[in-house]
Enquirer: 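The structure is given below, and queries will be raised subsequently.
First the proteins, then the strands, lettered A, B, ... as listed; each starts at 1.
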Amino acid sequence: MMSFSSLFGSYYPVDSSIHNMSVTIKLLNFFLFILVMIGSVSLQLHLFILAVLILQIIESKVPFRFFFNMFYGFRYLYILMVFMFASLGLNLELTIVYLLKFVLIIEYLALLVHTTSLSEFDYGIYKVLNPINFLNFNISYISLVIGNVFRFIPALITTENRVLKCQASRGIDYVHSGVVGKYYAVIYSLKNSLRLTIKRMKEINNLAKLRMYSVKQRRTNFRTGRFNFYSLMLLAFHLLFLYGYILEVNLL
Amino acid sequence: MEIEFDNVSLLANRKTYAEKLLLDEVSFKLSSGGKYAFLGNSGAGKTAISQLINGIMKPTKGKVSIGSFVNDGTNIKNVNNLRFDVGVVYKNKDEMFFNKKVKSELEFAIKFFKYKTNKKSIRIVDALKIVGLSEDYLNKNVDDLSLSDAKKIGIASVLVYNPKVIILDEPSLYLNYREKKELIRILNFINEKYNKTIIILSRDVNFIYEFNCNIFVLDNGKIVLAGDNKLFYDELKLGKYNISSPDIVKFSNLVRSKYNKNFRYYKDVKDLVKGVCNDVL
């Protein structure tokens, strides 16, 4: 649990072509990917996306076991899904497609999180939302809020881990206690972890403002990945996914 | 309560990119009622020692004996009894406190260790008095406490259940000189009057020097030096591990090297001023 909580949602710092890609393209690719995932039920298209995702994982230089651990962590859910689809009368191909869809989404998210730092996310979200600036929306504020949403779960897990340890030294041990003890441990740790994480998020917001992050002005710029060959190639692949989906639903 | 580390190694975040050897074949023995300090820079393995003693972490190799309890990587029997005997004061008040009010914070361990006492309120007030705080603090909000008071409440919240060993993680962090002196007075009082073993994990050489205890210097998970305050006299030796000597020792070394070879090492600033006045005037 400890290693999972300390690694979940964390950026894996390594110099790879995926890390150095433009964050705007990464988010745009993710948007296209989700669009295809929502609509498509073609097994061929899902297998093609899987192949591209595996290539991206290899290229990212993030150890493959992180992705495998993520996949393995949901093993009971796959069994439950298979039973659920069988009871709904879905055929084998559709069952495989829906399972693949789930695996692809979690692995894509893992890849995105391992290769993009949170400050880059903020910047990327700002850039992606920038075109709707003309509607007089407060884009800086919206991107700060979305960035906080991304930060919240990893921060909560880290805090939860810390609080559980501290509680254990004063009598509430989740690992070694019975049902009632576990209930107290969860209730107390959740209450405190949420309170501390919200406090932490407020501090992060204040720090962002202190570092000249103004919600009223243009987002402060900083070094980020560039629009390079890989950005172009992967964008082309994602457009290809979209094209495949369009062909699938006969939109042309 | 004796504590013994026998060839203990601890590997954190195993088989991940964050894998780190926190302790590397560490062995030492702490006797009951003593005063000890583990000195080292950030990441040297100080906190790992407290978590192994408290049974929160399990050693990858070796064995930790805490009185009749053994932490050797297998499940510790009656782990709550071990934690009842070993109180830990964490460095950060956000980690230490779980409740809004000081009163519920002090009652926390009594409640969850199922400590049987019909004098709960008396124990709480007594714990506050030991750390030099009045009953008025009971209704205060923990978020409103000053850092110094938060440290004292942290110690009081451990003292209420009367553990045999008290571990303090970075106790002098964020405190000014006067507050540090006050903390040393409290810790000495607890050690001498109630015979508690005090273990300090810190990187503050000035604080440890004035606390005057047995010292273990940690570097990259290994104990590299051990001894008493005389350890600090050799600035070069400490410098090898990126640890500087206390300011009083530096001053004494300077005087000894330039003016007077027989200049004494004083135990604190007050003692130093007194000594210098006696020597000069």
Side-chain angles (χ1 to χ4, degrees), chain A residues 1-8 10-14 60-70 72 114 155 158-178 180-185 187-200 202-203, chain B residues 11-20 47-48 50-51 53-58 75-100 104-115 142-143 154 157-158 160-161 163 165-167 169:
Chain A
M1 174 181 168
M2 194 190 156
S3 59
F4 174 76
S5 53
S6 61
L7 297 174
F8 179 80
S10 61
Y11 175 63
Y12 185 82
V14 68
S60 71
K61 292 182 187 169
V62 177
F64 196 75
R65 65 171 183 271
F66 295 154
F67 298 95
F68 178 76
N69 287 347
M70 181 70 94
Y72 188 69
H114 284 314
T158 315
T159 313
E160 174 83 8
N161 209 23
R162 248 173 36 197
V163 168
L164 275 176
K165 271 186 194 172
C166 299
Q167 282 191 171
S169 60
R170 281 205 281 160
I172 309 187
D173 187 356
Y174 180 84
V175 182
H176 296 92
S177 45
V180 181
K182 280 193 196 316
Y183 166 77
Y184 273 118
I187 295 296
Y188 267 90
S189 66
L190 260 184
K191 199 175 85 180
N192 289 303
S193 303
L194 278 171
R195 183 174 62 87
L196 293 173
T197 312
I198 291 166
K199 198 174 153 192
R200 176 83 188 122
K202 280 180 188 164
E203 281 169 10
Chain B
L11 194 64
N13 295 328
R14 255 191 280 185
K15 292 179 182 173
T16 67
Y17 68 85
E19 182 176 291
K20 197 189 171 195
T47 308
S50 94
Q51 298 198 342
I53 296 174
N54 210 224
I56 288 171
M57 281 181 145
K58 288 172 183 171
N75 267 349
I76 308 165
K77 280 179 192 168
N78 301 322
V79 72
N80 260 2
N81 292 350
L82 161 68
R83 288 172 188 159
F84 185 70
D85 284 341
V86 181
V88 182
V89 182
Y90 288 87
K91 65 178 157 192
N92 196 336
K93 74 171 183 179
D94 281 347
E95 289 177 47
M96 189 69 206
F97 301 139
F98 310 127
N99 303 280
K100 276 194 172 174
S104 17
E105 199 54 54
L106 294 174
E107 286 171 344
F108 189 91
I110 293 183
K111 185 177 168 188
F112 289 102
F113 277 131
K114 292 172 190 136
Y115 185 38
V142 285
D143 288 333
S157 62
V158 162
V160 281
Y161 59 90
V165 179
I166 298 175
I167 304 174
D169 195 355

Enquirer: Would you give the length of the straight line joining atom OG1 of T47(B) to atom NZ of K165(A), rounded to the nearest 0.5 angstrom?
Expert: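 The NZ atom of K165(A) is 9.0 Å from OG1 of T47(B), to the nearest 0.5 Å.
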
Enquirer: Determine the option with the most heavy-atom pairs under 4.5 angstrom with chain A, choosing from F84(B), F108(B), F97(B).
Expert: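 Most pairs with chain A among the choices: F108(B).
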
Enquirer: How about K202(A): does its NZ atom have over 12 heavy atoms from other parts shown lying under 6.0 Å from it?
Expert: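 Open.
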
Enquirer: For the CG atom of N92(B) and the CZ atom of R162(A), what is their distance to the nearest 0.5 Å?
Expert: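 Nearest 0.5 Å value for the CG-CZ distance: 5.5 Å.
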
Enquirer: In Å and rounded to the nearest 0.5 Å, what is the CD1 to CZ distance from I110(B) to R170(A)?
Expert: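 Rounded to the nearest 0.5 Å, the CD1-CZ separation comes out at 11.0 Å.
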
Enquirer: I need the minimum non-hydrogen distance between S169(A) and N54(B), along with the two atoms involved.
Expert: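 The pair with the smallest heavy-atom distance is CB-OD1, 2.7 Å.
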
